[in-house]
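Here the structure comes first, spelled out in structure tokens, and everything after it is commentary.
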Amino acid sequence: MDIRVRFAPSPTGHVHIGNIRTAIFNWLFARHGGGKFLLRVEDTDKERSTQAAIDTLLECMDWLGLDYDEEIFHQSRNASAHVKAAEKMLSNGQAYRPKVSGPEPAPVIFRIPWDTDNNPSVRITGDAEIRIDPAMPVKISKSGIQFSALNEKGKSAERSASLAGYHRLKIFDASGTLVFEIEREIENILKNDAAIELANCAKFAFQRREVVFKDIIKGELAKPLDTMKDLVIVRGDGTPVFHLANVCDDIEQKITHVIRGDDHVENTYRHIFLFQAAGFPVPQYGHLPMIVNQAGKPYSKRDGDAYVGDFRSKGYLPEALFNYLSLLGWSPGDDREKMSREELVEAFTLERVKSSSAQFDMNKLGNMSGQYMAEMDPGIFTEKTWRVAETQGWTSGTDRVYFAKVAKLMQSRMKLFPQVSTWKYFFFDEFENDEKARIKLLADRKSMDAIKYVFENLSSCAEFTLDSIQKYIREAESLNGIQEGKLNQPLRIALTGQTTGAGIYETAEMLGREKTLKRLKNFSP
RNA sequence: GUCCCCAUCGUCUAGAGGCCUAGGACACCAGGUUUUCAUCCUGGCGACACCGGUUCGAAUCCGGUUGGGGACGCCA
């Protein structure tokens, strides 16, 4: 069977880094297996879903090169199918409407199936007993069972669960007398609205069963049925709930593998029953671990930099973000880290995804961005940095050839595009000064005299070249008793206002005689 | 509170019983190259959460403890 996966975000504005990582893993999985990567927008929340939000989503995906197959699937357009599915479950007895007291119409509730004898996803784990708080009555109705259990310390805690969890339930009072047997009553309970209320119960004895599935990433995952509750699938107002919509759409889109965040694990246990009730095969599941922030905590609204759009505006390269994100929770198994898209597709398998959460590391992303930056085609690099310069308003009087030379000089020193703003001294005489460094490096008389020497000789020399620049700097150093090379940094401060940059001889040559002299003049006593 | 999941350097990870005195990358520190800056190169720092068990042998398997996270909606 051909692989079909989907990325199913709800378009509510920003696209989160964790979300897009899920998309990347789905994409990688699909491309690796030669399958289809589908996009579904879960836009049933009318309040929050906007076209603008969908546009941002599409932009982010496009930016990262996450191309999808087939048409975008809009969940809201499939609503009638969802309701139809619910009605079918209602008429089959797989779902029910509870008795409601108020004037609001009753929702449709899906029942965790009572009969699971031939269900491959359910297994019997053994006999179980629970101590019950006799002070609280046990209530049993078609919508479940409600009671107060006593924990090891004898503390009472209220619980409610689906009937399905309590196969062969026998309830005893404090004296050990059997007061209730579920198998005798179950037919009636399921059919009628009447509730049974039992007082002074002390013990439950029942057969415990659990839903189980094999997660491609996490391995076997199971949950006891007695800890599950029936779930609302259609609201009182007639609109379908996420669980129903999600499952119906997966059926509709013929999804074979559901790859999503592991905050959905608990939902999966219920979705399995929904697939079965609808009469369709349960897809394979793979639950991705979370990405946490640099404090090791889940991302919250406060983490302003957790949105894909932010990384884009901060100037990270999409290739770098894509590469970095694919390495968060996954590795190829060898020492490779910087990998092309093709290599990633080739190497990606869900089995190699880790099952523990991963912390986002800006340092590493920055380093990776620098690597991609360094190997970028110089022409493209110039083009992109030119555009940044444009936003700074530098380009009107700037020669493109000159700019290209500057870009070439600076490329290996760049991590992010906005760093272009530090290049200002190449184009204007007004630029930012690192005052602290200026005071430290240009304070002493020796340096000033040396700079004066360089200034005078560079103004009178025949040719302003790399060689002559270097020559006079060396001479200035030896004449003023400065260690060789030690004049470079003061000179850099004088010419650029910064302590880092390209080679200082190259920088001076690039600036040209006029600008160089003009800047040195300020420091010549 | 109940249920589920997770646990290797500060961080991302390799590791499927002996190849492990635990490998790589980022970060950090030191040295080298560049007479300067950035790259780059070399080296250093640095981890199997804890306690038991299984085994000739455990980071790896099992149990418990601790710590972390998730889920418990007529949100998605």
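Letters A, B, ... mirror the listed sequences (proteins, then strands); counts begin at 1.
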What string of B, S and - do you get for nucleotides 64-73 of chain B, 5' to 3', if B is base contact, S is sugar-phosphate-only contact and - is no contact with any protein heavy atom under 4.0 Å?
----SSBS-S
Could you pick out which residue, A:Asn151 or A:Leu328, lies toward the 5' side of RNA chain B when each is mapped onto its nearest nucleotide?
A:Asn151
Sequence-aligned protein contact record of nucleotides 31-48 of chain B, with B where the base is within under 4.0 Å of a protein heavy atom and S where only the sugar-phosphate is:
----BBBB----------
Compare every heavy atom of A:Arg492 with every heavy atom of A:Ala502, then report the nearest pair and how far apart it is.
O-NH1, 2.7 Å
Using distance only, find each side-chain donor-acceptor pair of residues 353-361 of chain A under 3.5 Å and give its atom names and separation, not counting sequence neighbours.
| unit_1 | atom_1 | unit_2 | atom_2 | d |
| --- | --- | --- | --- | --- |
| A:Gln359 | NE2 | A:Gln294 | O | 3.0 |
| A:Asp361 | OD1 | A:Asn363 | N | 3.0 |

So for A:Glu158 and B:G1, does any side-chain atom that can act as donor or acceptor lie under 3.5 Å from a complementary atom in the base?
no
For B:A49, the Watson-Crick or wobble counterpart (both distances under 3.5 Å)
B:U65
Under the salt bridge (Lys or Arg N to Asp or Glu O under 4.0 Å) test, residues paired with A:Glu506 that sit two or more places apart
none
Over how many whole Å does the gap from A:Phe147 atom CZ to B:U2 atom P extend?
13 Å
Starting at atom CG of A:Leu221, determine the distance to atom P of B:C3, rounded to an integer number of angstrom.
16 Å
Pairing partner of B:C28, by Watson-Crick or G-U wobble and under 3.5 Å for both distances, is B:G44
Take the protein atom CD of A:Glu337 and the nucleotide atom C1' of B:U11, then report the distance between them rounded to whole Å.
12 Å
Heavy-atom side-chain contact between A:Trp423 and A:Thr385 under 4.5 Å
yes
If each of A:Lys354 and A:Glu220 is mapped to the nucleotide of RNA chain B with the nearest heavy atom, which maps nearer the 5' terminus, i.e. the 5' end?
A:Glu220
Tell me, please, which residues at least two apart from A:Glu375 pass salt bridge (Lys or Arg N to Asp or Glu O under 4.0 Å).
A:Lys338
Pairwise N/O distances under 3.5 Å, protein to nucleotides 19-22 of chain B:
none

For residues A:Ile124 and A:Arg208, determine if any side-chain heavy atom of one lies less than 4.5 Å from a side-chain heavy atom of the other.
no
If only side-chain N and O atoms of A:Arg235 are considered, is one of them under 4.0 Å from the OP1 or OP2 phosphate oxygen of B:A76?
yes
Here the distance between atom C1' of B:G24 and atom CG of A:Asn367, to the nearest Å, is 14 Å
In whole angstroms, how far is the P atom of B:G15 from the CH2 atom of A:Trp330?
12 Å
To the nearest angstrom, how far is A:Gln294 atom CD from B:C12 atom P?
11 Å
So do the side chains of A:Thr125 and A:Arg209 get within less than 4.5 Å of each other, counting heavy atoms only?
no
Paired with B:C3: which nucleotide, if any, by Watson-Crick or G-U wobble criteria at under 3.5 Å for both distances?
B:G70
